[in-house]
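Working notes for the structure below.
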Amino acid sequence: MRVAVTGATGRMGREVIDAAREAGHEPLPVSHSATGETGGTEVHPADGFATLLSEREPDATIDFTLPDPSVSYVADCAEAGVPAVVGTTGFSEAQLAALREAAERIPVLQAANFARGVQGLLAVVREAVAALPEYDVEVTETHHNGKRDAPSGTANRVLDAIDQTRGDSSRVHGREGEAPREDGEIGVHARRAGDITGEHEVLLAGNHEELRLTHRAGSRGVFAAGAVEAAEWLAGRPPGWYDFSDTLPDTES
Ligand SMILES: NC(=O)c1ccc[n+]([C@@H]2O[C@H](COP(=O)([O-])OP(=O)(O)OC[C@H]3O[C@@H](n4cnc5c(N)ncnc54)[C@H](OP(=O)(O)O)[C@@H]3O)[C@@H](O)[C@H]2O)c1
């Protein structure tokens, strides 16, 4: 498979290029800032992305960049009929709507987290919240000091999973000053430090007991390998909006 990889010099872009090669695919790195080559492969300029798509006809694009460039890259994919795997997080509603519009023309798979264990976490959180309706819930995520958006896209997915089970809750982002806990609220905490790849913890507490459900990603390679697997799954599918859970057996989104 030939895979265009946008954000080629980014933390995730570099991992995706390696993961694509390891899986036996040909990566086409695309960068808005770098020229030259990476690991013996030519880096293509972002402003020539549309031309690259039409001339090299990749089977899919994998994007880990920023919301604005991501929307623009996916629009080019829609024009060229190239499936898009989007790992970027932090989209506004309007940006998500633009991605969904592209999904009317091409298959688009957007996921805040390409680690399989997070799909397991989501499933277990739904069950735990359903089994313990009176317990207080707090969600804490921890990432490296270079992460821009907060809370993480994965934390938002966890919160959506809780809402699906409990009904809409009020989310309280951090607490400061006089801030007593209200019934039913969910505290959301984002920590940024060092080079931590990604950690999510859901705490349920009540009845003099605590249940802590935690996922830790050991390396960015986990996300990159998942994104490459998603691209393999997506190539050749009909246009539509897909989730990473769609690619895995026996999980629901
Ligand atoms: N879904 C998941 O599993 C998962 C896992 C980890 C991270 N993420 C998300 O993936 C995204 C990237 O994370 P990261 O840690 O790789 O960030 P990063 O190291 O900052 O890389 C982002 C890359 O985006 C490109 N970029 C920046 N500004 C741009 C612009 N104006 N136009 C076009 N490209 C631009 C740059 O690459 P070039 O200069 O080479 O174009 C930059 O290196 C974030 O949203 C993060 O939350 C998702």
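Start at 1 and go down the list; that is how both ligands and their atoms are numbered. What you see is a predicted model, and the numbers here were worked out from it, not measured in a lab. Residue indices begin at 1 and follow the sequence shown.
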- Answer yes when E201 and R216 have at least one side-chain N-carboxylate O distance shorter than 4.0 Å, and no when they do not. no

- Cluster companions of L96 among Ile, Leu, Val, Met, Phe, Trp, Tyr (side-chain spacing under 4.5 Å): V71, V74, V86, F91, L99, I106, V108, W241

- Message: Using the side chain to side chain donor-acceptor pair (under 3.5 Å) criterion, which residues pair with N113? Sequence neighbours excluded.
- Response: T154

- At a 4.0 angstrom heavy-atom cut-off, ligand 1 is contacted by G7, A8, T9, G10, R11, M12, S31, H32, S33, F64, T65, L66, P69, Y73, G87, T88, T89, A111, A112, N113, F114, K147, D149, F223

- Item | Other residues, nucleotides, ligands: >12 heavy atoms within 6.0 Å of R2 CZ | yes

- Apart from V43 itself, which Ile, Leu, Val, Met, Phe, Trp or Tyr residues share its cluster (side-chain heavy atoms under 4.5 Å, direct or through members)? none

- Note on the structure: From the list K147, H189, R192, side-chain hydrogen bond (donor to acceptor under 3.5 Å, both in side chains) with E141 holds only for R192

